[in-house]
**Q** 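Below you will find the structure I want to go over with you.
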Amino acid sequence: MLRYATRRVLSALPIAFIAVTVCFFILRAAPGGPFDSDRPLPPEVLANVRAYYNLDQPLFMQYLLYIGGVLRGDLGPSMSSYDFSVSELMAIGMPFSLQLGLTAFVIATAIGVITGMIAAVYKNKWPDYMLVLVVMIGVIVPNFLIGALLQLWFGVYLRWLPAGGWVPGSWAHLVLPVAVLSWAHAARISRLMRGSMIETLGTNYVRTARSKGLGERLVLARHAIKPALIPVVSYLGPGLSYLLTGSLVVEQIFGLPGIGRYFIQAALNRDYGMVLGTTLFYMLLIIALNLIVDLVYAWLDPKVRYR
Amino acid sequence: MKFTTALKAVALASVFSLSFGAVQAQTLHMMNGGEPASLDPHRVSGDWENRIVGDYIEGLMTEDAEGAPILGAAESYEVSEDGLVYTFKIREDSVWSDGEPVTAGDFVFAFQRLMNPETAAGYAYLQYPIKNAEAVNAGEMELSELGVTAIDDKTLEITLENPAPFFLGALTHYTAYPVPQHVVEEFGDDWIQPENIVGNGPYTPVEWVPGSHIKSVKSESYHDAENVQIEEVMYYALDDLTAAVNRYRAGEFDILTDFPADQVTALGEDAAVAAFQGVHYYVMNQNAEKLQDVNVRKAISMAINREVIGPDLWGTGEVAAYSWVPPGTANYVEDAFEYEWADTPYGERVEEARALMEAAGYSADNPLQLTINYNTNDNHQRLAVAISSMWEQIHVTTELSNAEVAVHYDALQNNDFDSIGRAGWLMDYNDPINMLELLRSDIQYNYGRYNNPEFDQLLRDSATELDLEARAEILAQAETIAMEDYAALPLAFYVSRNAVSPRIEGFVPNARDVHRTRWMSKSE
């Protein structure tokens, strides 16, 4: 297991390196630059600004400088924010994005697994239909619409919850963003869980368990849940990375200080440093999550472990 | 009995504390738009930054509730007879929020820092009227040669290159703000961090959460602190305007500094829409072969029904533009230029335009092919679609092409577009020269590369004309030339869109769209 993990970590490094390289050059190939706007800078000022950000150097030199910086843990300056460097902005936004994403992840996974089980047990009865309906809404309706509607209902009409913003330590401000974020995620998990549970309940070993005279609850708890969870677990890694990156829309709507917003704004403003920084972060996150999932997978499924 | 008394006392106390709390909680919640790039007045470029920076630093001149220039950190000024030398007396009681006095030296330091090529201040050119500023900014002269000198601690002398009647207005701009020399020298670029920052304005920033908000609190050392009512300002960074309206309606914001045009009826009385000094226009690429004929340019300008743009297409009542300089601009002539066909009924205008096009050799079978380039935005798109159908009537077929803002302006600045490009200009200061310069042949903003030596000469003449009225006449002449040349295609004058809660008093809609917090108050 340890050797397997080491190998995976080591193989992730060249992937990260290649991705940053590709991203760096693609970004430079995109038209427009960080200092293009409706108010162009005078040429002499522009020259100074470009020199400040090393943009006057040959492209390959810039690349070497950037990689050198990254290896020293310095993600460079942000070109749309003078007062904070990329690392500083990430350090401010990351804890928040992680908090938001992880909260949504835990809640959504729990809800998804439970509702999926219920739907499977009551297959083609009314609890199943109800749940499928709610789940489908979560899958079909885009989160910016759900966000705006929840904001309108609970923030404007009912005034039960704040319609946006962030006050440190206030759970009320997290309810709506977390609800929006977790809905789609819970929906996907629920569908997966339902399908895999139905399949598991039809397997021979469950039939055997039942024929031993075990009660339905015991059959579920002891024999069905764990194998039914396997497809769900393999989805959790991509699912969590989806939640952490998908939070950018939610952060935008609710005005939350996470890094997702930087990502959009930076891409639009051609803030090279910020785009690369956030990409690097998301990439490392996804690599790490996939690794964790593979390890959990090995633990859950003997077939993987003994192979 | 005792119990009820106690209860009453508690009730009474809570009522008191509630009402007391209401008086205390003079916090202004302002939806401020974009995330500030900086709080350093030499580094910022947006109106969202101006709202914050202008609340914490005060220039020699500042704005009153109506956005007009009034004395700020200066208590008086004198102008020499030739209009070139301004001498300012700085207020004795103008102090930085750390207690240090604001000195003439702080201003000299600030202007030199602004013009220092190393600062790379994007807006430095706004202070180019100052003697040698342009040369200093280009690195061709020493900082000390800049026309800003301290006579003594409280007397500042500014010498101009040419007389500039708009100069006092230009001094309200953040590029003319002082910076605390003692703090900047101690902390360098970090002087702007909330733990170091020092200002001389009515408020001081105390907290900055990127992606969320900046919080400023009232500065007791401000010279007019006794009349400043709002205790605390929250400037929220929020780009999603629909979400902003929702939060406004939920009572979380007192002021929206922008809203989607289609929300104007939903906001009702709260919507404050005011004429704003700026123009939406289409650049006509003067280098494009097909736009060489001035009659073609005239025809495509005439064929646009501008009266529907503001009221119907955008819904916020932008005023139709038949001239280049917005009406009501200071230092200008009454009844300046307006196209003579402005009052012709639209149907007749189209007839006339079609005749011009046919004379130029275009017909239904041989239409003129134009491309409208615009930056991706709902309003710009609606306008482009409407205009392309207006142009259909005069044998013009139109292609639409949109790009995100950075890419679009990159193409405009390089004159790299087929024929028509959408642009807008918000005036930096209240003077016609700020508009007319956009058409000067040697300026970058002249996207269409309009080039008329006569026009350029008039602008040069205006720079040395001492008599204000004569200068206004020269500028009006220049505007007429450019407009009759159809150098560009003005569409509509901007409006500013704010939503202001009835709780807020002292918010005066104005043509500069500048609303300093010190003039406002809030009731619960």
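The sequence lines fix the lettering, A, B, ..., with proteins before strands; numbering per chain opens at 1.
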**Q** Under 4.5 Å heavy-atom distance to chain A, tell me which part of B:L412 shows up: side chain, backbone, both or neither.
**A** neither
**Q** Looking at every heavy atom in both B:A250 and A:A163, which two are closest together, and how far apart are they?
**A**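 Here B:A250 and A:A163 meet closest at CB-CB, 3.9 Å.
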**Q** Find the distance between CG (B:N246) and CG (A:L150) and round it off to the nearest 0.5 Å.
**A**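 Between B:N246 CG and A:L150 CG, I get 10.5 Å after rounding to 0.5 Å.
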**Q** Does any backbone or side-chain atom of B:F253 lie under 4.5 Å from a heavy atom of chain A? Answer side chain, backbone, both or neither.
**A**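 Contact with chain A is absent: no heavy atom of B:F253 under 4.5 Å.
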**Q** With a sphere of 6.0 Å drawn around CD of B:E142, does it hold more than 12 non-hydrogen atoms of other residues, nucleotides or ligands?
**A**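 It does not: B:E142 CD has 12 such atoms or fewer within range.
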**Q** What distance separates B:R247 CZ from A:F254 CZ, expressed to the nearest 0.5 Å?
**A** 9.5 Å
**Q** Roughly how far apart are A:I253 CD1 and B:D240 CG, rounded to 0.5 Å?
**A**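 So the gap between those two atoms works out to 6.0 Å.
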**Q** Might you point out which heavy atoms bring B:P210 and A:P257 nearest each other, and give the distance in Å?
**A** O-CB, 3.3 Å
**Q** Pick whichever of B:L238, B:D40, B:V44 has the most heavy-atom pairs under 4.5 Å with chain A.
**A**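 Counting heavy-atom pairs under 4.5 Å, the top option is B:L238.
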**Q** Report yes or no: does A:D83 contribute a side-chain atom to a donor-acceptor pair with the main-chain N or O of B:L39 at less than 3.5 Å?
**A** yes
**Q** Would you find more than 12 non-hydrogen atoms of other residues, nucleotides or ligands less than 6.0 Å from B:E195 atom CD?
**A**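 Enclosed.
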**Q** Is it the backbone or the side chain of A:F84 that comes under 4.5 Å from a heavy atom of chain B, or both, or neither?
**A** side chain
**Q** How long is the straight-line distance from CG of B:D239 back to CD of A:E251, given to the nearest 0.5 Å?
**A**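 Interatomic distance, A:E251 CD to B:D239 CG, rounded to 0.5 Å: 12.0 Å.
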**Q** Report which part of A:L256 has an atom under 4.5 Å of a heavy atom belonging to chain B: side chain, backbone, both, or neither.
**A**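 Interface part for A:L256: backbone (N, CA, C, O).
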**Q** Which one of B:A138, B:A411, B:A37, B:A244 has the most heavy-atom pairs closer than 4.5 Å to chain A?
**A**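 Winner by heavy-atom pair count: B:A37.
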**Q** Which atoms of A:P162 are under 4.5 Å from chain B, going by heavy atoms: the side chain, the backbone, both sets, or neither?
**A** both
**Q** Does any heavy atom of chain A fall under 4.5 Å from the side chain of B:A237, the backbone, both, or neither of them?
**A**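 Interface part for B:A237: both.
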**Q** Roughly how far, to the nearest 0.5 Å, is OH of A:Y157 from CZ of B:R249?
**A** 5.0 Å
